[in-house]
Protein chains: 2
Amino acid sequence: MTEQKQILRQSGVALWRQIADRIRAAISHGDYDETGMVPPEIVLAEKFGVNRHTVRSALAALGQEGIVRAVQGRGTLIERRERLNFPISRRTRFTQGLGDQAREMQGLLLSFAEEPASRDIAQRLGMASGTQVLRLEALRKADGRPVSRSSSWFPAERFRGIDAAFRQTGSITAAYRMLGVSDYLRVSTEITATHADSSDLSDLALSPGAIVLVTTALNADPEGVPIQYSVSRFPADTVQFTIEN
Amino acid sequence: MTEQKQILRQSGVALWRQIADRIRAAISHGDYDETGMVPPEIVLAEKFGVNRHTVRSALAALGQEGIVRAVQGRGTLIERRERLNFPISRRTRFTQGLGDQAREMQGLLLSFAEEPASRDIAQRLGMASGTQVLRLEALRKADGRPVSRSSSWFPAERFRGIDAAFRQTGSITAAYRMLGVSDYLRVSTEITATHADSSDLSDLALSPGAIVLVTTALNADPEGVPIQYSVSRFPADTVQFTIEN
DNA sequence: AGAAATTTGTGCGTATGTATG
DNA sequence: TCATACATACGCACAAATTTC
């Protein structure tokens, strides 16, 4: 439990970035909840053993992410520290799962296409390679903040029209219902993590170097027939997953 | 499915590091399995849009990690590339879960102590704050490579002697059995991701800037009584989680 | 109200690291 | 290996806004 993380020089990661990551984590951890503010720049500089300018670079990056806001003469205020919890279970539902943690959930359809299934997609959905599938690219927001960017594939024959249904409702569960699927189950979920790529930067409004959690999920209807394969990307600094058994 | 990750300049993460991360991930993903070698430096330089010097810096870093080995006149050989899959379920077992993916699993006891439970720990274990708990710090290795660094807390009264049992068997499951707990269940698992800190660098043999997956898990006996709370850190480039429902 | 202390904002010069060709 | 350009980090100084006494 002893905190002894070090700032490493000449590691290929700039000091300001390491410090930004540390401060972000401390905020998430609730370390500064008493004051609602980050310690003064001069204090942080001393703590990390760097120049005040370097701390300022770190705070500027966090400001860009909307995590803190500096006010001259007062200090650097914490704007948000919540971390959305996304529960994963046999009945994983996106909108519903995050529903009580945000005032407003939003599901945007970015793009939609019908295409022949790649070998990987076909295998995951349990169909012949080349069978038509629908690809739906979606962006989810909670209170206006991006929380996930997903690519989903559906068997084309069964789910034609799901784009309109999703566009209308902003929810896959609701879209399924409109197409006659009243229930479905999460078969499996793979979770990995990687650095944000350029599309994450724009889609999820991340800063370069941020971490994204990547899930690869398979949903099936109650009979066990695969109905959806999807790959989703979440900003790791604001999302965590919980598996309840 | 289109690969379009970009190398980002002025992101606070040096180009050579970003490229090293990309190549490490590609190796883990099996992209170069046909030849067992990384593409020539010139090719990589062109692919990433950087100078060959920069690629060389990246490969030098990977060589330092023991992932590749450059041979003059031949190319850059891949030394190891496995990515471990860690299944999470109601009956999550560490050693057993990874058992078939490595020739040899190893569980090392790093340190052990009896201490009063912090408010957080006590709450998780469902006991009064200040009650004695046992803290066990462990390092897991698969075929000699670190795959997880964990801190676990146990109710002291019930599990005194678990350190000796773990030291002897290298497995929590086996240690439980020696103490009369023949079965236990995973109640919940939280998963987040963050940058590697200095202790990760040494414990998990990571390079600065690497990503670690962090799990926070609670285990209970068949009666539902909490018996273990633990926080584990995994190198994200070589480990993924799978939740089977 | 006003002076002092605190805290963020800005400028400039210098040294070193990173990346290119 | 060398030269060049730019990013990173430091140290110092001072301005501007706010809080404290």
Side-chain angles (χ1 to χ4, degrees), chain A residues 5-24 26-27 31-80 195-196 198 201 206-210, chain B residues 5-24 38-65 70 72 76 195-196 198 201 207-210:
Chain A
K5 295 182 187 178
Q6 262 184 321
I7 297 299
L8 302 160
R9 287 162 196 269
Q10 294 156 23
S11 65
V13 181
L15 296 187
W16 65 263
R17 171 151 295 289
Q18 297 181 56
I19 291 166
D21 293 336
R22 291 273 308 268
I23 297 174
R24 191 195 297 103
I27 291 173
D31 290 358
Y32 308 133
D33 279 9
E34 293 176 17
T35 58
M37 295 175 59
V38 167
E41 294 168 355
I42 194 78
V43 174
L44 290 170
E46 184 141 356
K47 171 179 175 180
F48 293 121
V50 300
N51 191 273
R52 187 174 146 242
H53 282 305
T54 310
V55 169
R56 286 181 58 75
S57 297
L59 292 175
L62 294 178
Q64 204 63 31
E65 296 178 36
I67 293 176
V68 300
R69 178 171 52 92
V71 179
Q72 199 172 139
R74 285 185 63 191
T76 303
L77 284 64
I78 295 169
E79 290 283 283
R80 66 179 163 85
H195 285 107
S198 63
L201 301 191
L206 293 178
S207 65
Chain B
K5 292 185 192 177
Q6 255 182 255
I7 297 299
L8 303 158
R9 287 158 197 271
Q10 299 157 23
S11 66
V13 182
L15 296 189
W16 65 263
R17 171 147 298 289
Q18 296 181 57
I19 290 167
D21 291 338
R22 290 275 305 271
I23 296 174
R24 192 195 299 102
V38 167
E41 293 170 357
I42 287 280
V43 175
L44 290 170
E46 184 138 358
K47 172 179 175 182
F48 293 122
V50 301
N51 193 274
R52 183 168 154 254
H53 288 307
T54 311
V55 169
R56 285 183 58 76
S57 298
L59 291 176
L62 293 177
Q64 203 62 31
E65 295 177 36
Q72 214 171 98
T76 303
H195 286 105
S198 65
L201 301 190
S207 61

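Reminder, nothing fancy here: chain letters follow the sequence lines and each chain counts from 1. Note that the structure is a prediction, hence the values are computed from the model and not measured.
A heavy atom lying under 4.0 Å from DNA chain D marks none of the residues of residues 35-43 of chain A.
If you take CZ of Arg56(B) and P of dT1(D), they are 12 Å apart, rounded to a whole angstrom. Computed from coordinates, the Phe48(A) CZ to dA9(D) P distance equals 13 Å when rounded to whole Å. The distance between atom CG of Leu77(A) and atom P of dT7(C), rounded to the nearest whole Å, is 13 Å.
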Where do N or O atoms of nucleotides 17-21 of chain D meet protein N or O atoms at under 3.5 Å, pair by pair?
unit_1: dA17(D); atom_1: O4'; unit_2: Gln72(A); atom_2: OE1; d: 3.3

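With sequence neighbours excluded, no residue forms a salt bridge (charged side-chain N to carboxylate O under 4.0 Å, His left out) with Arg74(A).
Rounded to the nearest 0.5 Å, atoms CZ (Arg69(A)) and OG1 (Thr76(A)) are 10.0 Å apart. A distance of 8.0 Å separates CD in Glu46(B) from CD1 in Ile42(B), rounded to the nearest 0.5 Å. Here Ile23(A) contributes atom CD1 and Leu62(A) contributes atom CG; the two are 6.0 Å apart, rounded to the nearest 0.5 Å. Taking CD1 from Ile19(B) and CG from Leu59(B), the interatomic distance works out to 9.0 Å, rounded to the nearest 0.5 Å. To the nearest 0.5 angstrom, Ile27(A) atom CD1 is 4.5 Å from Ile78(A) atom CD1.
Inter-residue side-chain proximity for Arg17(A) and Arg22(A) is flagged as unmet; no heavy-atom pair is nearer than 4.5 Å. Two residues are said to be in side-chain contact when any heavy atoms from C-beta on lie closer than 4.5 Å; Glu79(A) and Val68(A) fail this criterion.
Sorted by first and then second residue, the side-chain hydrogen bond (donor to acceptor under 3.5 Å, both in side chains) pairs with a member in residues 32-45 of chain A read Asp33(A)-Arg81(A), Glu41(A)-Arg52(A), Glu41(A)-Arg56(A); sequence neighbours excluded.
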Quick one: what's the B/S/- string for nucleotides 11-21 of chain C, heavy-atom cutoff under 4.0 Å, read 5' to 3'? B-----SSSBB
Just do the side chain to side chain contact (heavy atoms under 4.5 Å, CB included) check on Ile67(A) and Arg24(A) with the steps written out, would you? CA-CA 8 Å; Ile67(A) 293 176; Arg24(A) 191 195 297 103; 3.6 Å; yes
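For the helix from dG2(C)-dC21(D) to dG21(C)-dC2(D), the angle separating the two terminal helix axes comes to 20°, with each axis derived from five pairs and the value rounded to 10°.
When all heavy atoms of Ala20(B) and Ala58(B) are compared, the closest pair comes out as N-CB, 3.7 Å.
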